[in-house]
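Data block below; observations after.
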Amino acid sequence: MTEQVVFYTNPMSRGRIVHWLLDEIGVPYETRIISFEKGEHKAPAFLAINPMGKLPAIVHRGAVVTETAAICMYLADEFPAAGLAPKIGDPQRGVYLRWFFFGAATFEPAIIDKMLARPPVERKSALSYGSYEDAVKTLETAVTPGPWILGDRFSAVDVYVGSQVHFGFMTKSLEPTPALQKYADRCSSRPALQKLLQGAR
Ligand SMILES: N[C@@H](CCC(=O)N[C@@H](CS)C(=O)NCC(=O)O)C(=O)O
């Protein structure tokens, strides 16, 4: 059982979010690149780690963690010295959890459906995000006035939600409104993200 985090990723995946977070935390970790081209993500060796055959994944102290939001939350809690997660009992913990889950369960499906130009459904109330417009408007309230989702405090939830905003801009599934653009720019000013953008891995 190793104390070092083993990080399974591909540069063209949500693994970039975990990569940014690991570099914010600043502990050593071992990266294992899984090739999509070679189909390594659907090969038995990786399916034994994540039966979904999807990246990213981490293994830490013998436990597998998948799902990008869960990995980010796990790492921020496991390495408290980085100060990237409010502790249980801190009133900001609820705000932090709220926007992590909003990012994963509400905002991400909204922008992915937009990116894929999926036809509208009749029963919007059955969708986790209701309407794309409501999801985007609500996200704007999370990053305004800022600078971060927890106000003056940068945290792991900014890594997660900020990455989704960047992804939305890149795929043109999200309009760079002034509030979102300013937030994305603040995220881009983080040295750990700059390092990642300069030398993709
Ligand atoms: N819910 C998962 C989604 C993971 C995911 O869809 N990963 C993509 C790359 S971003 C993947 O591995 N796709 C390969 C495939 O499904 O074949 C998470 O948030 O980590």
Side-chain angles (χ1 to χ4, degrees), residues 5-25 29-61 63-79 84-85 96-118 126-130 132 135-136 138-139 142-143 149 155-174 184 187-188 192-193 195-197 199-201:
V5 173
V6 180
F7 171 39
Y8 294 85
T9 189
N10 180 287
M12 300 302 288
S13 78
R14 290 168 174 85
R16 292 174 69 82
I17 305 174
V18 174
H19 185 171
W20 175 15
L21 184 69
L22 280 164
D23 288 354
E24 290 282 353
I25 291 173
Y29 57 92
E30 180 190 331
T31 303
R32 299 200 188 155
I33 302 286
I34 302 296
S35 164
F36 287 139
E37 291 74 26
K38 293 183 192 157
E40 288 174 352
H41 57 311
K42 303 295 181 192
F46 184 71
L47 291 175
I49 292 163
N50 184 4
M52 288 291 285
K54 283 182 173 288
L55 294 163
I58 63 162
V59 179
H60 187 221
R61 298 199 195 109
V64 172
V65 188
T66 65
E67 299 303 317
T68 307
I71 296 171
C72 291
M73 291 173 67
Y74 173 85
L75 291 172
D77 284 342
E78 279 296 305
F79 298 98
L84 292 174
Y96 173 83
L97 295 179
R98 173 190 177 188
W99 293 111
F100 245 119
F101 280 81
F102 180 85
T106 304
F107 186 64
E108 185 184 286
I111 56 169
I112 297 278
D113 281 359
K114 183 80 168 174
M115 179 183 85
L116 298 176
R118 291 179 84 179
L127 289 177
S128 70
Y129 62 87
Y132 171 84
V136 173
T138 303
L139 182 81
V143 302
I149 291 179
S155 72
V157 75
D158 293 299
V159 172
Y160 188 67
V161 171
S163 296
Q164 291 184 326
V165 170
H166 274 255
F167 175 80
F169 288 175
M170 189 185 77
T171 57
K172 302 203 184 319
S173 49
L174 184 63
C187 289
S188 299
L193 181 56
K195 189 176 134 205
L196 173 65
L197 295 174
R201 178 170 76 198

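It should be emphasised that the depicted structure is a prediction, and the values quoted were computed from it without experimental measurement. When a ligand or atom number is given, it counts from 1 through the structure's own listing order. In what follows, residues are counted from 1 in the order of the sequence shown.
Partners of Glu67 under the salt bridge (charged side-chain N to carboxylate O under 4.0 Å, His left out) rule, at least two apart in sequence or in another chain, do not exist in this structure. For Arg32, the side-chain contact (heavy atoms from CB on, under 4.5 Å) partners two or more places apart in sequence, or in a different chain, are Val6, Tyr8, Glu30. The side chain to side chain donor-acceptor pair (under 3.5 Å) search around Ser188 returns His166, not counting sequence neighbours.
In summary, of the residues considered (Trp99, Phe100, Phe101), a ring-ring contact (aromatic ring centres under 6.0 Å, His included) with Tyr160 occurs for Phe100 alone. The residue from Asp158, Leu196, Ile25 that alone fulfils the side chain to side chain contact (heavy atoms under 4.5 Å, CB included) condition with Trp20 is Leu196.
Ring orientation note: the planes of Phe79 and His60 are tilted relative to one another, at an angle of 30° to 60°.
Ligand 1 lies under 4.0 Å from heavy atoms of Ser13, Arg14, Phe36, His41, Lys42, Lys54, Leu55, Pro56, Glu67, Thr68.
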